[in-house]
Amino acid sequence: MKSVANPFRLSRHLSTSPQLLKTPQEVVAITEDFCGQILDKHPDVRTLKRLHSKIIFERRLRSNPSIGIKLMRAYAACGQPRISHHVFDEVTGKNVVVFNVLIRSYVNNQFYQDALLVYRSMSSYNINPDHYTFPCVLKACSVTENWWVGTQIHSAVIKVGLDSNLFVGNGLVAMYGKCGCLVEARKVLDEMPQRDVVSWNSMVAGYARSGRFDDALGVCRKMESLSVKPNAGTMASLLPAVTNTAADNVWYVKELFMKLDNDSVVSWNVMIAVYVNNSLPALAVELYLEMEARGIEPDAISIASVLPACGDLSALVLGRRIHEYVERKRLRPNLLLENALIDVYAKCGCLRGAREVFDGMQCRDVVSWTSLISAYGMNGQGRNAVALFSKMQDSGLTPDLIAFVSILSACSHAGLLDEGRYFYKLMTQKYRLVPRLEHFACMVDLLGRAGQVDEAYNFIKQMPMEPNDRIWGALLSACRVYSNMDIGLIAADHLFQLVPEQAGYYVLLSNIYAKAGRWEDVTTIRSIMKGRGIKKMPGVSNVEFNHRVYTFLAGDQSHPQSKEIYEELDVLVGKMKEMGYVPETDSALHDVEEEDKENHLAVHSEKLAIVFAIINTEPGTPIRITKNLRVCGDCHIAIKLISKIAEREIIVRDTNRFHHFQNGVCSCDDYW
DNA sequence: ATAGGGTTAG
């Protein structure tokens, strides 16, 4: 080692002896070697600029093209492609490499238009693009989905005969794929004289992005049949094709994952995301834990991917542990990660946690605000949600369609009828957003819950699109609450045509009949269900305890502590009766909600989960329950009393929202 | 050199 290659040493030298730079004569001579070594180490901008001015004083170095190239690369690495361009301007006798480096400087810094401008200028210098230029400019077209320039580049490629080059071909496949020209992409791929795993992955990505699941999987199978080993990139490319997909596709990806021999963090992240995107949160969490156990260090993406699964499962303890990991590894600030943290706290009913993350953020986007707004909304704090919405507007952010879904649903859960109407107007008139089905569903829900059933029905009638089952479902729920038989029958009629297999709506209608005392109709509905083989979804409740999520079914007797749980429940019910509790055991009214009728004598799952938690946790520990259906009226009353008797805060998340039970009352004020 | 992994509602 003959020269100093430590940029820190250079920068210290220069900063403590600035007089060295005063006159060129005094400058200690530096060699090309020395310069090159420092530049290749990617110094920070300050060091870079000092070195740059030194180079300018040295005539020998200034005219050296290889130093110029290194300078350009170093500036690009510091996110300063404009300065790379200035260096480029000074280089005399530019060759293709100098152009390539400048183009890459721009592309690596997402200045795609500038990259393409430089590419276009090459002809006026009489310099031909080469097999390094094309992949780079094709990438610029890919990212910006610039099909027009992309095809022009394709012609240029053919003209100079570089279409047989592997890297150029890969760039073309990716460009066409990104632009949605799958036929073109496929044609290029098929005609390539040689292909590698990147060629195939690009094709997979193209199909996957366009939602062509079967084609994407077909390419995977084809590459396997040609003995091209899929890698983590193959899985990553496939990802958009495996959201809300058939179980078979999930298992296919799982098999791919098992077959990979490299343990890259990307493949684990993709597998976690696949589970999350297919409503398999328990598997996602399990895989995350296995990843930790195997010593594969989760990165920000692993965490942003697994946190929604924790939220789904209400796995607050795990969520908190992951949050600590984020702090320990200093993964913050990271907007997406922090947004995911807000959401996991929100979904676990832990408003304070959500708020703390939000307050601690350096910058926030619409997603951050929306997450917090919906957190307040789900927890019945509509007024706070409304206040937050105004603050978001004040901060200069423009609410999007999702933000409006959140605020409308917050209003509907809190019974804020006027506010809800105001936000609907705001969305359509001020922001000129076109409402989607979700917004209509929120409005029907808002009006219906507030007792404006006729207006809700009229609202549906004037919709510019076909209402879906959620919309009729919201109307039917309102009809049950407000005993509106006429409109209820209309809603039910639509529902039975739209989703004849959904048990919940039959139950809702039978509840309306029961309330009106029309028992023959109740019986008729039950026999229709039986005849059509419609099974109700069994009620399930989850509770996290001792780093595990425990699941209880309605009437569950499979738990080892089952006997103890039922005994304790009996004791509780006795105390509740002393306080005036009358169990709703009337066979028709009992399952006011969607709980399985077969289990009407069985204990609902949330009661079992709550008693399990009371038995196993320290007195005073809050109890958090998640269930897959809505809480029924009987359980709602019972849990209020249990919260008083057992002196526990009980937080129940059902399909729509949270109920915070404490000291005999619920945060929803019995409005849900 | 070329591909490829993340957050918000319902």
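Lettering of chains follows the sequences in order, A, B, ..., and the numbering in each one begins at 1.
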A:R355 NZ/CZ over A:Y376 ring centroid, <6.0 Å and within 45° of normal: no

Row check, A:F88 ring normal vs A:K94 NZ/CZ: under 6.0 Å, within 45°: yes

What does [X] touch in the nucleic acid at a heavy-atom separation under 4.0 angstrom: a base, only the sugar-phosphate, or nothing?
| X | value |
| --- | --- |
| A:A300 | base |
| A:V197 | nothing |
| A:A273 | nothing |
| A:A236 | sugar-phosphate |
| A:D299 | base |
| A:D343 | sugar-phosphate |
| A:A441 | nothing |
| A:L166 | nothing |
| A:I402 | base |

Partner set under salt bridge (charged side-chain N to carboxylate O under 4.0 Å, His left out) for A:E224, not counting sequence neighbours: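 Testing A:E224 for salt bridge (charged side-chain N to carboxylate O under 4.0 Å, His left out), a comparison that skips the adjacent residues, returns A:K259.
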
From the options [options], select the nucleotide whose nearest atom is closest to the side chain of [X].
| X | options | value |
| --- | --- | --- |
| A:S409 | B:dA3, B:dA9, B:dG6 | B:dA9 |
| A:L336 | B:dA1, B:dA9, B:dG6 | B:dG6 |
| A:S406 | B:dT7, B:dA9, B:dA1 | B:dA9 |
| A:S237 | B:dT2, B:dG6, B:dG4 | B:dG4 |
| A:V405 | B:dT7, B:dG6, B:dA9 | B:dA9 |
| A:D196 | B:dT2, B:dG4, B:dG6 | B:dT2 |
| A:N339 | B:dG4, B:dA3, B:dT7 | B:dT7 |

Pair A:F440 and A:F459, ring centroids less than 6.0 Å apart: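 Between A:F459 and A:F440, which both carry aromatic rings, the centre distance is below 6.0 Å.
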
is_close_aromatic(A:F389, A:F404), centroid dist under 6.0 Å: yes

Protein-nucleotide distance ([X], atom [atom1]; [N], atom [atom2]), rounded to Å:
| X | N | atom1 | atom2 | result |
| --- | --- | --- | --- | --- |
| A:W369 | B:dA9 | CH2 | P | 17 Å |
| A:W200 | B:dA3 | CH2 | C1' | 14 Å |
| A:R332 | B:dT7 | CZ | P | 19 Å |
| A:D400 | B:dT8 | CG | C1' | 8 Å |
| A:F358 | B:dT8 | CZ | C1' | 12 Å |
| A:L260 | B:dG4 | CG | P | 17 Å |
| A:N277 | B:dG6 | CG | C1' | 10 Å |
| A:I301 | B:dG6 | CD1 | P | 7 Å |

Quiz item: A:N334 side-chain donor-acceptor pair to B:dG6 base, under 3.5 Å: yes

Check: residues 420-427 of chain A side-chain donor-acceptor pairs under 3.5 Å, at least two apart:
| residue | atom | partner | partner atom | Å |
| --- | --- | --- | --- | --- |
| A:R421 | NH2 | A:E455 | OE1 | 2.5 |
| A:R421 | NH2 | A:E455 | OE2 | 2.9 |

Ion pair A:R294/A:E290, N-O distance below 4.0 Å: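 Looking at A:E290 together with A:R294, the answer is yes, because their closest N to O distance falls below 4.0 Å.
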
DNA chain B contacts among residues 370-387 of chain A, heavy-atom distance under 4.0 Å: A:T370, A:S371, A:S374

Within residues 467-474 of chain A, residues whose heavy atoms come under 4.0 Å of DNA chain B: A:R470

Atom pair OH (A:Y345) and CZ (A:F358), whose distance is rounded to the nearest 0.5 Å: 16.0 Å

Sequence-distant partners of A:D114, side chain to side chain donor-acceptor pair (under 3.5 Å), two or more places apart: A:R82

Listed once per pair and sorted, the side-chain hydrogen bond (donor to acceptor under 3.5 Å, both in side chains) pairs that draw on residues 388-399 of chain A, sequence neighbours left out: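 Pairs touching residues 388-399 of chain A that pass the test: A:Q393-A:Y431.
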
A:K139 side chain near B:dA1 phosphate (N/O to OP1/OP2, under 4.0 Å):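 For A:K139, the contact criterion (side-chain N or O under 4.0 Å from OP1 or OP2 of B:dA1) is not met.
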
A:R352 atom CZ, neighbour heavy-atom count above 12 within 6.0 Å: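 Open.
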
